[in-house]
Structures are given as C-alpha cells and as structure tokens.
2 protein chains.
Amino acid sequence: MPRNKSYNTNDVLEKAMHVFWNNGYEQTSVRMLEKEMGINQFSIYSSFTSKHNLFVESLKKYREYVNKNVYADLLKPGARLKDLELFLNRFTEHKITGKKYKGCLVVNSTGEINPADDEVSVELNNYYMFNREMLKKVLSNSIEAGDISPETDIDKYSNFLLGVMQGLSVGAKVLPETQIRDFIKVSLSVFK
Amino acid sequence: MPRNKSYNTNDVLEKAMHVFWNNGYEQTSVRMLEKEMGINQFSIYSSFTSKHNLFVESLKKYREYVNKNVYADLLKPGARLKDLELFLNRFTEHKITGKKYKGCLVVNSTGEINPADDEVSVELNNYYMFNREMLKKVLSNSIEAGDISPETDIDKYSNFLLGVMQGLSVGAKVLPETQIRDFIKVSLSVFK
DNA sequence: CTGAATTCTAAGCAAATGCTTTGTTATAAA
DNA sequence: TTTATAACAAAGCATTTGCTTAGAATTCAG
C-alpha cells in the first residue's frame with residue numbers, strides 16, 4: 001500500500017559519492033548532499049541513517065565506480081606490466097588537459113579521517129586490499145607472459161606497487177608532471 | 001605604555017600546529033585551539049587574524065618542527081643512503097610501539113584541503129620542494145661516498161624518493177608492518 | 001600618580017551544522 | 001472506493017561554527 005520512492009537509492013548514492021569526492025567528508029554538508037542528490041534531508045536520513053553512514057556507503061560505491069571507470073583495463077583477465085604502465089601514466093593526464101586532479105577519494109580520506117573511526121578505517125583497508133590483489137594478478141600475469149622473472153616475489157612487489165600508487169595519489173595532486181613521470185619511471189625500473 | 005602579552009606567540013603557534021596535526025583542519029575548532037593554546041579567542045584572532053591563517057602559519061611551523069625532530073639525521077652535512085634507510089624504516093616504528101601513526105601533517109592536508117586554496121597549496125609545495133632538496137643532497141653525498149653510481153640521475157631519483165615518502169605517509173597510517181617494509185625494501189633496491 | 005596604550009576575560013553574534021518533526025500526498029491491497 | 005502505509009516537502013530543533021564586541025585589568029612613559 002505504500003507510496004513509491006521517487007528516486008533510485010543506488011543513483012543518489014553515486015551522486016553523494018561524487019560530492020564527498022569533490023569536497024571531502026567534513027567540507028560536505030547535508031545541505032550540499034541534499035542539492036546534489038536531488039532528494040531532501042528526510043529522504044537522505046530515511047535511506048542512509050546518518051551522514052557518517054552515507055559516507056561509508058559512498059566509499060563502497062567508490063570502489064565499484066573506479067573498478068568500472070578507472071581500473072577497468074587493469075582488471076581485464078590478462079592484464080600485464082605494460083597495462084600497469086599505461087595506467088600509472090594516467091596520473092599525469094590531467095596535467096595535459098589542464099584539469100585539476102582531485103585525487104583518490106580513499107587516499108584523501110586516509111589523510112582526513114580520524115584513524116579511530118573504525119567503520120571508515122575498515123572500508124579504507126578493504127579498498128587497499130582489493131588494489132593489492134589486483135596488482136598481484138597483474139604480476140602473476142606478467143610472469144606467465146614472460147615479462148618479468150618467474151622468481152619475482154609477488155607479495156613483496158605488489159606491496160611495493162601499492163605504495164607507489166598511494167604516493168602517486170598524493171603527488172599527482174600537487175607536483176609538476178616531470179616529477180610524477182620520474183617517479184613512475186624509476187618505480188617500474190625495478191622490474192628490469 | 002602598553003600591557004605585556006602573557007604568552008609567547010611562537011609557543012602557542014607550535015601548540016596550534018599539534019592540534020591541527022592531531023585532528024585535521026576542519027575537525028579542529030577554534031574552541032579546541034583556545035583550550036590547547038591556552039589563550040582565548042580574542043588573543044588567537046589578534047595574533048593570527050583567522051583560523052585559516054593560523055593553519056597556514058602552523059604549516060610553516062611544522063616544517064621547522066620536523067626538520068628539528070624528524071629529519072635531523074637526514075639533514076646532517078654528510079647524510080647518505082644508509083641514513084635514508086634508517087629514516088624510512090622509522091615509518092614502521094609505531095607499529096612496534098603500538099602507537100597509532102597520525103601521518104604527516106602536510107600529506108594529510110594534501111588530501112583534505114581544497115586544491116583551490118592557494119595560500120595552503122603554496123605551503124604544501126614549499127614543504128615538498130624542501131624535502132626534494134634534502135633528498136638530492138643525500139643522493140649527491142651518496143655518490144661522493146661511493147655508495148651509488150656516479151652516473152645516478154639525482155633529479156630523477158630524488159623525485160622517485162619524494163614519491164616514496166608520500167606513499168609511506170599514507171601507507172604507514174593503514175597498512176600492516178610487513179607491507180610497509182616490503183615497500184621500503186624494494187624502493188631502496190633501485191640503488192643496487 | 002596619571003593616563004594613554006594594549007592586553008585580557010567573557011559574553012554575544014549571525015550563520016551553518018547534523019538531524020527531527022509535522023503535516024500532506026501518493027500508492028496499492030482489501 | 002476505502003484505508004493503512006510509506007514517501008514526500010518544508011519548517012524547525014538544539015548545538016556548534018568562526019569571529020566580534022564591551023568592559024575590566026595591566027603596563028610604563030611622563
């Protein structure tokens with residue numbers, strides 16, 4: 001008998017994610033969310049309980065979003081080192097297009113959020129673990145394809161690459177293109 | 001004829017810096033600053049104009065602070081690669097002592113602050129530039145000492161190391177010790 | 001001691017914050 | 001058509017925000 005929702009929960013969640021991505025958690029007010037999600041505060045709270053919970057859900061959504069729109073090539077079944085190189089170099093793309101790189105929502109949040117916030121911390125960790133698994137797959141594919149030595153310690157080097165990606169997420173926001181390119185070049189040279 | 005200040009501007013600024021470091025910019029309220037700095041809002045505003053300006057001053061103070069308390073060994077005249085290794089491994093210290101690593105104020109702020117905030121952005125850049133110069137010095141010292149090849153491209157490798165430090169500042173907040181150690185090990189292996 | 005200068009305390013300001021309540025409107029099973 | 005149900009819009013809530021003002025307290029040259 002109830003009235004129907006006039007919005008799709010998944011759609012408005014994705015919109016919320018973008019607001020958090022653009023402004024950070026604290027800088028994002030419920031009024032801003034209201035505006036961008038296109039629904040009013042009552043609906044936000046009845047669907048997502050609290051601003052904090054909406055943020056946690058946004059982090060989950062972010063993982064889904066980047067897997068589809070950013071990591072797609074790297075998640076393809078046979079992705080190898082050359083795909084990783086292409087991917088890393090995309091961290092410099094905005095320098096050419098002139099757009100400002102807003103960084104990775106998860107890395108930004110790692111900087112902003114109180115480490116005692118367990119709900120958020122878990123989600124940040126999930127994201128990094130997922131990235132690490134992706135990198136491990138790329139490395140094992142690269143071994144299989146003969147790109148790198150079969151003796152390569154996949155665990156060790158995936159941890160290295162995860163660190164490189166975290167560094168890039170910070171660096172790409174503030175450093176000039178040449179410095180980022182150097183960072184990528186030297187990082188990948190460990191496989192030669 | 002005027003009344004004397006009952007506080008030292010430099011002292012209270014350092015206290016403010018720690019509040020920002022512990023809580024981030026947005027999470028820090030003027031009431032918290034009032035409490036920790038030990039002076040009231042009137043004095044804060046008459047000495048530092050605004051919360052935003054106090055933050056910018058805190059970033060400058062932070063550079064001074066870490067040079068003295070964190071980078072000291074790396075800034076010593078003859079600092080070499082082995083000093084850098086010791087320094088990087090300190091990113092894992094808190095994992096042993098059990099304390100939570102609160103990260104680097106500048107890296108945290110790079111994640112939190114709106115990139116359009118020019119005053120802050122300039123200060124973040126100053127910090128990274130200074131770090132880069134420090135790393136260049138370490139590399140040239142290492143060449144001189146015969147630790148690494150005299151053909152080492154100092155610019156290129158200092159950019160790499162800066163990226164590594166940015167990655168560590170993020171990673172050390174959330175990743176387990178082994179992963180951080182792997183990141184450091186592989187990073188330094190580029191010099192072998 | 002006097003008095004101009006500058007500090008201090010503490011109260012106060014409008015605006016913004018996260019969240020809730022109220023009353024109306026749409027829905028679809030009975 | 002009726003009616004229980006849930007979604008809606010909009011106003012309202014207490015609290016907190018960054019910042020200011022008003023008045024008392026302290027200083028030291030004259």
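In what follows, chains are A, B, ... by sequence order, proteins preceding strands, each numbered from 1. These numbers were taken from a predicted model, which means no experiment stands behind them.
For B:Asn40, counting side-chain heavy atoms from C-beta on, the closest listed nucleotide (C:dG18, C:dT9, D:dC19) is C:dT9.
Both the sub-6.0 Å distance and the 45° axial angle are not jointly satisfied by A:Lys51 relative to the ring of A:Phe20.
Between the NE2 atom of B:His52 and the C1' atom of D:dT17 there is a distance of 16 Å, given to the nearest Å. For the pair A:Tyr45 OH and C:dT17 P, the computed distance is 11 Å after rounding to whole Å. Put simply, NZ on B:Lys51 is 13 Å from C1' on C:dA16, counting in whole angstrom units. Regarding A:Gln41, its CD atom lies at a distance of 14 Å from the C1' atom of D:dC8, rounded to whole Å. Computed from coordinates, the A:Phe48 CZ to C:dG18 P distance equals 16 Å when rounded to whole Å. Atom CZ in A:Arg31 sits roughly 9 Å away from atom C1' in C:dC19 (whole-Å rounding). For B:Leu33 and D:dT16, the CG to C1' distance is 14 Å, given to the nearest whole Å. The separation between B:Glu34 atom CD and C:dA11 atom P is 12 Å, rounded to whole Å.
Here the side chain of B:Lys95 pairs a donor or acceptor atom with the backbone of B:Leu175 at under 3.5 angstrom.
Salt-bridge formation is detected for the pair A:Lys76/A:Asp73: a Lys NZ or Arg NE/NH1/NH2 atom is positioned less than 4.0 Å from an Asp or Glu carboxylate oxygen.
Neither OP1 nor OP2 of C:dT7 sits under 4.0 Å from any side-chain N or O of B:Lys5. Put simply, B:Asn4 has a side-chain N or O that comes within less than 4.0 Å of OP1 or OP2 on D:dC28. Considering only side-chain N and O atoms, B:Tyr7 lies nowhere under 4.0 angstrom from the phosphate OP1 or OP2 of C:dT7. In this model, the phosphate group of D:dT16 is not approached by any side-chain N or O of B:Ser29 to a distance below 4.0 Å at OP1 or OP2.
Within the nucleic acid shown, B:Thr28 comes within 4.0 Å of sugar-phosphate atoms alone, with no base atom in reach, counting heavy atoms only. At a threshold of 4.0 angstrom between heavy atoms, the contacts of B:Ser6 are confined to the sugar-phosphate backbone, with no base atom among them.
Each of A:Glu26 and A:Phe42 was assigned the nucleotide of DNA chain C with the nearest heavy atom; the assignment lying further toward the 5' end belongs to A:Glu26.
In the displayed structure, A:Glu26 atom CD is contacted under 6.0 Å by more than 12 heavy atoms of other residues, nucleotides or ligands.
For the 3.5 Å distance criterion, the side chains of A:Gln179 and A:Asp182 fail to qualify, holding no donor opposite an acceptor.
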